[in-house]
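Starting from 1, each residue takes its place in the sequence as its number. Computed over heavy atoms, backbone and side chain alike; hydrogens, waters and symmetry mates excluded.
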Amino acid sequence: MATDSTKPSVLIFGGLNTCSRGLAAFLVPLEGEALVSHLRIVDKYSVHPPTTYIGHEFTKVLEKPEVEYRQANLTVAAAIQSAFDPPEGKAAFDYVFDFTGEVRYDRSELIQINTTFGVARLLGLEAAQRKVKAYVRIQHPFYETSSKTAALEKDDIKPAETLGIWWHETLRMQASIQDLNLVILRIGFVYGPYTNFGNITSAITVASVYGYLQRPMKSLWGPGKNPTHSVHVDDVAGAAWACAKWMESHGRKAADDLAGEAILFHNDKSRVKEVEGMLPHEEKPVAPLFNLVDDAKSTLASTGQTISACFGTTFEFFNMVEVTLIRLKDDLEDINEHHVEGWTEMLMNSNPPITNTPLNPYMDKYTLEKHVVAFNNSKIKNIVGYKLLHPDFNQADIKEIVDKWKAEGVWPNAQNPSS
Ligand SMILES: *[C@@H]1O[C@H](CO)[C@@H](O)[C@H](O)[C@H]1NC(C)=O
Ligand SMILES: *[C@@H]1O[C@H](CO)[C@@H](O)[C@H](O)[C@H]1NC(C)=O
């Protein structure tokens, strides 16, 4: 039962702190049949005991006979090579899911280069040499797009911040690797059960504080068109899987013909000589690229309203005078302090009190800044035939996320004493 050689064997690299637990649960569900014969997940964290939050579901997934976890330092080429070696007596891995990359914007540029670009380069080169049938790279929404029309895959959009520049450079580098059966999946803002990173998770946590305080949640950014397209973590998993199957049936060359896009330079030209593996600015490598967002066309306002309604409060906007005052006083730290105080009170007033949780309402600079991310999702539907599992962004899904955290004992159950 544990192995079935007619099913693909799969490697997932990185992303234990982002979406790879969701993919693992999709490939080897707790109930029902596994989609894979073998799954090896490789990341820098330990899972026994966990050195990062892994959640109740993934803990169970790790117990499945098909699943193997390996802790490895992915900046080391030898560690990557050995991670690609199949288990004793088994054939080579069929699919690789590359969920690596630094998602914290506040790391130094050198760290971004090493852990985003450098790791992905070692992985891409090794996967090409091993001739894996599909290699799916997840690209997070570190871009600023137009607020007027949702970006198509062929549009040349601008990476956001140093973080985004190196994620984008990584795509150029991987696209240029000969024989790599690469598909790039460019996702929106992720949310979903056990997903404890990103802007939507922050918004859920902060909204709960306002609900508890019985006050409206207010945004620093005007209610104008401000798209922040979203995607459920189950769809990241489902679409990554669909893209792998699609790639396997076409191969890179046909896939480039069907869905290839040129990935243009958005970096500092002087870096080309300094960073090993970086392509000259004039090169225009092509790779199959698909946007993945839900159909909700989420905006800051719609997301804020849906989430705040779950906690019995409303989402409003500061008026111009208030915003100017807040910015003048550089009050962002005060805002955070206020949220963290409320959250701490909620944790302490819970029954039993919560002393350890992976969630907090602290919003870093990136989360607090205004972002415009609008992606058109028709290409993946038309070419890969992908059908969204969660086409809309709704209260029921947010409630499910919170209920799962409550069941784990990491989400407060405190009521406001005055309510
Ligand atoms: C991973 O390897 C790099 C390069 O050898 C090293 O600098 C780094 O400290 C290692 N990281 C860990 C967590 O051991
Ligand atoms: C990045 O990698 C290079 C080359 O392996 C190494 O010399 C450097 O110390 C690393 N820097 C950081 C900040 O990890």
Any side-chain donor-acceptor pair under 3.5 Å between [X] and [Y]?
X: S202; Y: N199; value: no
X: E345; Y: Y212; value: yes
X: H48; Y: Y69; value: no
X: H371; Y: Y143; value: no
X: E337; Y: Y362; value: no
X: N196; Y: R21; value: yes
X: R252; Y: N181; value: no
X: E408; Y: Y194; value: no
X: W166; Y: E102; value: no
X: D295; Y: N377; value: yes
X: D98; Y: Y135; value: yes
X: N267; Y: H168; value: no

Salt bridge E31-K60, side-chain N to carboxylate O under 4.0 Å: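 Salt bridge flag = no for K60 with E31.
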R40 and E68 ion-paired at < 4.0 Å: yes
Residue [X] excluded, over 12 heavy atoms near [atom1] under 6.0 Å:
X: K381; atom1: NZ; result: yes
X: N356; atom1: CG; result: no
X: K284; atom1: NZ; result: no

Taking the side chain as C-beta and beyond, is there a heavy-atom pair between [X] and [Y] under 4.5 Å?
X: V402; Y: C310; value: no
X: V103; Y: H140; value: yes
X: V132; Y: V96; value: yes

Verdict with supporting geometry, E109 and R271, salt bridge (charged side-chain N to carboxylate O under 4.0 Å, His left out): CA-CA 12 Å; E109 183 166 21; R271 306 316 293 268; 3.0 Å; yes
Qualifying ring-ring contact (aromatic ring centres under 6.0 Å, His included) pairs, either residue in residues 381-400, two or more places apart: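 Qualifying pairs, neighbours excluded: Y191-F393, H232-H390.
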Aromatic ring proximity, centroids under 6.0 angstrom, Y53 and Y45: no
Ring-ring centroid check W343 H339, cutoff 6.0 Å: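 Ring centroids of W343 and H339 are no less than 6.0 Å from each other.
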Sole candidate of Y95, F93, F84 that passes ring pair (Phe, Tyr, Trp, His ring centres under 6.0 Å) when paired with F13: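 Of the listed options, the one satisfying the test is F84.
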Backbone N/O of S298 and side chain of S302: donor-acceptor pair under 3.5 Å: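 No, S302 side chain to S298 backbone: no donor-acceptor pair under 3.5 Å.
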Geometric cation-pi criterion R172 and F265, 6.0 Å radius, 45° cone: no
cation_pi(R137, W167) dist<6.0 Å, angle<=45: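 Pair R137/W167 counts as cation-pi.
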